[in-house]
Amino acid sequence: MGPIRLRGVRKAYEDGRRRHEVLAGVDLDVAAGELVALLGPSGAGKSTLLNVIAGIDSADSGTVEVAGRELGALGERERTLLRRRSIGFVFQFFNLVPTLTVLENVLLPLELTRGRGHGAAARAEALALLDRVGLPERGDSLPEELSGGEQQRVAIARAVAHHPLLVLADEPTGNLDSVTGERVLDLLTTLAAERGTTMLIATHAPEIVARAHRVVTLRDGVIAHAADGDRGTGGGTGSDAAP
Ligand code: ADP
């Protein structure tokens, strides 16, 4: 019972009169503590797949299990609770709440999963995390006062604050220069490794591919090719080798 188990997952969008099947029978297992890079050209359905795993979007058919629970068998409320408790997100454009301070942003998942009764402890944890991501003095700042790289470091602290089983990241370095992206990636993978957090990262970045335990590629709506991260670093996505 891994953190993620997908079988025959299909998802189509109506595009005018045409039906566009973005996910056409995706099978995927991700084991506990695994770091998996999800590759595929733009428009291949990587974001759609992450959203289906998060229960934000629903599959048309097939089964999606997260933390051993089948999402299709859960009600909306249960799905929301499972998502809050078990998943952390990192987005390309950081997605911090602009009207909340940095500290309040990091506190959000803690408050959502634990309620209000843990104020002082949650605050101490959030401050410790801001320290870990190199922003000990920025708790009272607003997101707009931070650089892109700093905002993404806050987003990483927020993603792991409630010790989720699983972190889903959608192009987390896509909007950062390569040096900043490397730093952010270091933090994300270090924090995840320390906590045994499972990670699925949609990306084009070779640095992420190089660090991944496993690389999977979404092409024509299915997982086309799986290879070890070490073997996948040099070749790009041109290989059509059969599994
Ligand atoms: P990727 O993340 O790999 O770039 P996406 O999952 O964002 O791919 O998109 C895959 C395809 O699904 C694209 O053709 C996109 O236009 C389409 N798509 C995604 N979300 C929607 C939606 N809500 N409505 C209609 N089409 C969508």
Side-chain angles (χ1 to χ4, degrees), residues 3-30 34-66 71-72 76 79-80 83 87-96 148 151-152 155-156 159 166-176 178 181 184-185 188-189 198-227 229 232-233 235-240 243:
I4 302 177
R5 184 175 191 274
L6 307 181
R7 287 294 177 273
V9 170
R10 292 178 175 270
K11 176 79 188 174
Y13 291 111
E14 302 295 335
D15 174 13
R17 269 173 301 152
R18 285 188 52 207
R19 195 179 138 83
H20 176 39
E21 191 160 55
V22 180
L23 305 178
V26 171
D27 297 329
L28 178 65
D29 289 278
V30 181
E34 215 181 359
L35 167 54
V36 175
L38 174 63
L39 306 189
S42 195
K46 301 182 297 297
S47 299
T48 301
L49 187 62
L50 293 182
N51 288 341
V52 164
I53 293 168
I56 292 168
D57 216 341
S58 61
D60 296 335
S61 63
T63 56
V64 179
E65 284 177 33
V66 173
L71 298 189
E76 186 60 42
R79 240 191 337 265
T80 301
R83 175 164 64 241
I87 302 180
F89 290 96
V90 184
F91 301 92
Q92 180 172 355
F93 295 103
F94 326 132
N95 288 27
L96 300 174
Q151 289 187 50
Q152 196 63 313
I156 285 167
L166 175 64
V167 168
L168 301 175
D170 197 349
E171 299 280 358
T173 61
N175 200 41
L176 303 173
S178 60
V184 160
L185 198 56
L188 185 57
T189 53
T198 306
M199 294 205 58
L200 181 59
I201 308 184
T203 187
H204 293 289
E207 315 87 68
I208 297 182
V209 174
R211 285 171 207 229
H213 300 138
R214 191 154 57 97
V215 175
V216 300
T217 302
L218 198 53
R219 189 184 298 132
D220 300 327
V222 296
I223 300 291
H225 176 59
T233 52
T237 54
S239 163
D240 262 324

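Start at 1 and go down the list; that is how both ligands and their atoms are numbered.
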Without swapping roles, check the side chain of R83 against the backbone of G55 for a donor-acceptor pair under 3.5 Å. yes

Please list, in number order, the atoms of ligand 1 under 4.0 Å from a heavy atom of K46. 1 (P), 2 (O), 3 (O), 4 (O), 6 (O), 8 (O)

In this structure, atom 4 (O) of ligand 1 is nearest to the protein heavy atom G43 N, 2.7 Å

Heavy atom of protein closer than 4.0 angstrom to atom 15 (C) of ligand 1: no

Contacting atoms of ligand 1, where contact means under 4.0 angstrom from a heavy atom of H20: 14 (O)

For atom 17 (C) of ligand 1, what's the nearest protein heavy-atom neighbour? Residue, atom name and distance, please. Y13 CD1, 3.8 Å

Ignoring hydrogens and geometry, is there a side-chain-to-backbone donor-acceptor pair from E21 to R10 under 3.5 Å? no

Within the distance-only criterion (no hydrogens, no angle test), does the side chain of Q152 pair as donor or acceptor with the backbone N or O of F93 below 3.5 angstrom? no

Tell me, which protein residue and heavy-atom name are nearest atom 12 (O) of ligand 1, and how many Å apart are they? V22 CG2, 3.2 Å

In terms of residue, atom name and distance, what is the protein heavy atom nearest to atom 8 (O) of ligand 1? G45 N, 3.0 Å

Need the ligand 1 atom indices (1-based, order shown) with element for anything under 4.0 Å from a heavy-atom of P41. 3 (O)

Provide the number and element of each atom of ligand 1 under 4.0 Å from a heavy atom of S47. 1 (P), 2 (O), 6 (O), 7 (O)

Can you name the closest pair of heavy atoms from L50 and A202 and give their distance? CD1-CB, 3.9 Å

I need the nearest protein heavy-atom contact for atom 9 (O) of ligand 1: residue, atom name and distance, please. T48 OG1, 3.9 Å

Would you give the length of the straight line joining atom CG of L6 to atom CG of D27, rounded to the nearest 0.5 angstrom? 8.0 Å

Roughly how far, to the nearest 0.5 Å, is the CD1 atom of I208 from the CD atom of E171? 7.5 Å

Check whether D60 reaches the backbone of A12 with its side chain - one donor and one acceptor, N or O, closer than 3.5 Å. yes

